[in-house]
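Just so it is clear, the values below take in all heavy atoms, side chains as well, and ignore hydrogens, waters and symmetry mates. This one's a predicted model, so the numbers in the text were calculated from it and none came from an experiment.
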Protein chains: 4
Amino acid sequence: MKSRGETPLRADAARNRERVLRIAREQLAAGDDSLQLNTIARLAGVGVGTVYRHFPGRQALLEAVSSASLEKLAERAESAATGAEPLAELHELLRFALTRALNELGFAEVLESPSAADARTTALKSRFDRALGKLLRRATQDGHVRADLRASDIRRLLGGTTHALRCGPHPPRLVKTYLSTLTTSLRPT
Amino acid sequence: MKSRGETPLRADAARNRERVLRIAREQLAAGDDSLQLNTIARLAGVGVGTVYRHFPGRQALLEAVSSASLEKLAERAESAATGAEPLAELHELLRFALTRALNELGFAEVLESPSAADARTTALKSRFDRALGKLLRRATQDGHVRADLRASDIRRLLGGTTHALRCGPHPPRLVKTYLSTLTTSLRPT
Amino acid sequence: MKSRGETPLRADAARNRERVLRIAREQLAAGDDSLQLNTIARLAGVGVGTVYRHFPGRQALLEAVSSASLEKLAERAESAATGAEPLAELHELLRFALTRALNELGFAEVLESPSAADARTTALKSRFDRALGKLLRRATQDGHVRADLRASDIRRLLGGTTHALRCGPHPPRLVKTYLSTLTTSLRPT
Amino acid sequence: MKSRGETPLRADAARNRERVLRIAREQLAAGDDSLQLNTIARLAGVGVGTVYRHFPGRQALLEAVSSASLEKLAERAESAATGAEPLAELHELLRFALTRALNELGFAEVLESPSAADARTTALKSRFDRALGKLLRRATQDGHVRADLRASDIRRLLGGTTHALRCGPHPPRLVKTYLSTLTTSLRPT
DNA sequence: CATGAATGAGAATTCATTCAT
DNA sequence: AATGAATGAATTCTCATTCAT
């Protein structure tokens with residue numbers, strides 16, 4: 001039994017894993033965030049057991065589906081953290097995150113959750129939080145952002161805005177408006 | 001068939017209705033927002049059918065439970081709409097609504113929803129929206145609030161803030177902070 | 001809601017209950033003691049939910065199926081307890097119990113179990129134990145039975161004998177032999 | 001294909017076999033007699049396939065785990081068969097067997113079963129049966145034991161006693177008592 | 001020989017809603 | 001009006017066994 005961080009999957013296992021992920025993404029794209037493992041297994045043409053082997057539950061699958069976006073977001077945050085204009089960077093980061101959260105059902109859930117099923121998710125969120133925290137501090141020192149908000153608060157407030165948009169019609173104009181309220185909401189009082 | 005505006009209930013029917021509502025409130029207070037009609041019927045000591053007669057589904061029951069708070073909120077909004085200082089009135093109204101939404105599971109759901117199962121709920125929300133709309137206009141004219149927000153947006157943003165608070169720990173300090181971001185978020189850009 | 005010990009069932013409910021019990025008995029008679037509620041529901045032509053309403057689990061169903069025999073056994077024990085010849089009564093009681101346990105799959109399980117799912121089962125076992133205890137004391141005083149055995153031990157030893165017979169072929173002759181060893185086993189040393 | 005009586009195992013195969021057996025024993029010692037081959041494989045750090053290669057099923061594994069005890073028991077029986085006092089030897093043999101059966105989950109199952117998955121088990125049981133049969137005959141001739149019991153019956157009755165003890169609490173005193181009933185049960189009527 | 005991914009039937013249980021009583 | 005029995009699809013998860021690598 002070889003021990004290493006990332007176990008390389010056997011070719012067929014990797015193929016199945018991808019199939020499941022693809023179907024899961026399709027389900028989410030179709031507006032169904034229940035992610036029933038049985039249904040997904042059937043649609044993916046694999047046994048239920050296979051799905052359970054790769055993803056021990058809905059949450060794990062959700063995190064796997066969102067991991068690419070989460071990583072992308074973390075990268076964005078890291079690059080933003082060192083940008084010349086903290087406030088502008090922060091706004092752009094929020095815009096990016098909100099867009100993703102709106103277009104990828106389930107992403108907000110992962111982002112706002114205080115816990116995670118998979119250690120990799122926790123790690124990615126930490127990366128994001130660290131970078132965002134740095135960005136926040138810089139923006140705060142510039143007097144642009146209130147000082148009592150932590151990275152986790154931003155994640156939660158993002159989730160809140162996503163929720164507000166999702167619970168009714170959300171034409172582009174409204175998305176823009178709510179995003180604007182979100183950025184405004186961070187100003188010092 | 002008698003003609004009536006508000007259906008007068010037979011004494012025993014009214015008693016049953018109240019029992020069901022009381023139990024539903026208890027369940028919500030206990031942190032269970034699933035509002036399973038079977039369970040509620042059992043706890044209330046009535047048949048499921050009786051619950052269904054009074055409330056044709058979870059949503060209807062939820063709205064009935066929240067109606068008192070919703071009415072209270074509408075009244076507050078109406079009184080706020082004519083207050084001397086629109087902005088202060090608005091803030092106080094938001095504080096009140098958020099507090100209720102946090103303490104009464106299900107209230108935010110009713111408040112933010114674009115639809116309703118019961119006509120009375122729709123009516124109450126309209127009352128609220130009309131009053132809040134008036135207040136918003138006044139605050140906007142004072143230059144305190146951005147002009148592109150309608151009453152329904154405020155309800156949705158309130159729901160968003162509630163969601164953000166509920167998805168993690170929310171000690172009083174955080175509630176205060178998030179409320180503050182909510183009020184700030186309405187400022188013109 | 002009327003309160004009483006034995007709720008009388010609605011006619012159709014009673015019919016369903018009986019159907020389920022009949023099928024359960026058939027399954028047991030066919031040598032299947034798994035008593036899968038799904039299967040039983042299907043065979044009985046009722047919904048699974050109906051089975052669960054009447055019997056909240058395998059154990060409850062098993063006890064319901066065995067209750068008639070258990071009651072009969074308790075009655076026998078009560079009558080035996082006052083018989084003229086304690087030892088003969090005891091032997092006959094054991095013979096009766098063993099016969100039942102062999103012919104009714106599941107009965108031994110209920111009889112030997114230290115716990116019960118249904119209060120009625122507990123009550124019946126208590127009745128049996130009291131009567132058997134009395135009989136044991138009388139037989140002990142006559143010097144026919146060792147003094148360190150309680151009624152629950154007899155139930156367990158009966159279960160043991162049943163087990164020994166069931167785990168291999170058990171033609172009538174062997175049943176008789178093992179029953180004989182059981183009665184012999186109670187003698188003082 | 002090499003011809004062989006006892007298959008000599010390759011060193012690593014032997015090591016794997018031992019690992020699996022060790023884990024299986026641990027599981028049983030921990031009170032889990034389900035012996036799920038997947039679980040055992042994982043705990044042993046080998047693939048399921050490896051477990052299946054060595055032991056084609058739960059029963060085979062169980063027998064392998066119990067084989068040492070079974071052999072020990074056969075030896076005891078053989079030595080007992082030639083002892084000076086058949087009855088005393090028999091009692092001691094029963095005491096030994098019962099103790100093992102109680103302390104080693106699964107041993108009673110192997111002992112009482114009329115069939116076996118592995119030929120070695122069958123052989124060991126035959127050895128035991130032959131020796132015990134001899135002992136029984138001697139004890140019978142002495143008038144201490146009833147004549148209608150065969151070795152297989154003793155195995156079954158032992159299993160019964162084990163079952164009776166296992167289905168409830170079994171403090172040492174009770175073990176002693178039930179063992180006493182077992183030995184008593186063999187007396188001629 | 002060893003591996004462990006895959007299988008997929010199957011088991012247990014729940015719950016929203018209907019409708020006969 | 002009230003009752004609560006019945007429904008049964010739906011959901012979650014397990015595990016013995018096979019077989020491709």
Side-chain angles (χ1 to χ4, degrees), chain A residues 1-2 7 9-17 19-20 34-39 41-42 44-54 56-58, chain B residues 9-17 20 34-42 44-54 56-59, chain C residues 1-2 7 9-17 19-20 34-42 44-54 56-58, chain D residues 9-17 34-42 44-54 56-59:
Chain A
M1 196 191 275
K2 298 161 211 157
T7 308
L9 284 177
R10 233 168 57 185
D12 57 344
R15 195 169 52 245
N16 281 336
R17 190 176 195 277
R19 270 190 202 176
V20 169
S34 64
L35 285 192
Q36 304 175 55
L37 301 205
N38 257 312
T39 304
R42 184 168 37 77
V46 302
V48 221
T50 304
V51 178
Y52 273 89
R53 165 174 292 269
H54 287 293
R58 176 186 176 276
Chain B
L9 284 176
R10 244 168 52 181
D12 58 342
R15 197 168 51 244
N16 281 339
R17 190 175 194 281
V20 169
S34 64
L35 284 192
Q36 302 177 48
L37 301 206
N38 274 291
T39 304
I40 290 187
R42 181 167 38 77
V46 304
V48 222
T50 305
V51 177
Y52 269 86
R53 166 168 296 271
H54 288 294
R58 175 185 178 276
Q59 184 64 20
Chain C
M1 197 193 270
K2 297 164 213 156
T7 308
L9 284 178
R10 231 166 61 182
D12 57 343
R15 194 169 54 243
N16 281 336
R17 190 175 196 279
R19 270 189 202 177
V20 169
S34 64
L35 285 191
Q36 304 176 52
L37 301 206
N38 261 306
T39 304
I40 290 187
R42 183 167 38 76
V46 302
V48 220
T50 305
V51 178
Y52 273 88
R53 165 173 292 268
H54 288 292
R58 177 186 177 275
Chain D
L9 285 176
R10 241 169 53 181
D12 57 342
R15 197 168 51 244
N16 281 339
R17 190 175 195 281
S34 63
L35 284 192
Q36 302 178 47
L37 301 207
N38 275 290
T39 303
I40 290 186
R42 181 167 37 77
V46 303
V48 223
T50 306
V51 179
Y52 270 88
R53 167 167 297 272
H54 289 293
R58 176 185 177 276
Q59 184 65 19

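Closest-nucleotide positions on DNA chain E for A/Val46 and C/Ser34 were compared, and the one nearer the 5' end corresponds to A/Val46. Comparing C/Thr50 and A/Gln36, the nucleotide of DNA chain F nearest to each residue sits closer to the 5' end for C/Thr50.
Scored by the salt bridge (charged side-chain N to carboxylate O under 4.0 Å, His left out) test, D/Arg58 finds D/Glu109 as partners (sequence neighbours excluded).
With D/Val51 as the partner, the side-chain contact (heavy atoms from CB on, under 4.5 Å) test is satisfied by one option alone out of D/Thr39, D/Asn38, D/Leu37: D/Leu37.
If you take CG of B/Leu35 and C1' of E/dA16, they are 13 Å apart, rounded to a whole angstrom. Separating the CG atom of D/Asp12 from the C1' atom of E/dT3 is a distance of 13 Å, rounded to the nearest angstrom. C/Arg10 has its CZ atom 7 Å from the P atom of F/dA6, to the nearest Å. Between the CZ atom of C/Arg17 and the C1' atom of F/dA6 there is a distance of 16 Å, given to the nearest Å. Rounded to whole angstrom, the span from the CD1 atom of C/Ile40 across to the C1' atom of F/dG8 amounts to 17 Å. Atom pair A/Arg53:CZ and F/dC13:P shows a separation of 17 Å (rounding to whole Å applied).
Residue D/Asn16 has a polar side-chain atom (N or O) positioned under 4.0 Å from OP1 or OP2 of E/dA2. Look at A/His54 and you'll find a side-chain N or O under 4.0 angstrom from OP1 or OP2 of E/dA6.
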Strictly under 3.5 Å: I want the nitrogen or oxygen pairs between protein and nucleotides 17-19 of chain F, one per line.
residue: F/dT17; atom: OP2; partner: D/Tyr52; partner atom: OH; Å: 3.4
residue: F/dT17; atom: O4; partner: D/Asn38; partner atom: OD1; Å: 3.4
residue: F/dT17; atom: O4; partner: D/Asn38; partner atom: ND2; Å: 3.4

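Rounding to the nearest 0.5 Å gives a distance of 11.0 Å between CZ of D/Arg53 and CG of D/Asn16.
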So what's the dot-bracket for DNA chain F: Watson-Crick or G-U pairs under 3.5 Å, [ ] if a pair crosses, | if it pairs off-strand? .||||||||||||||||||||
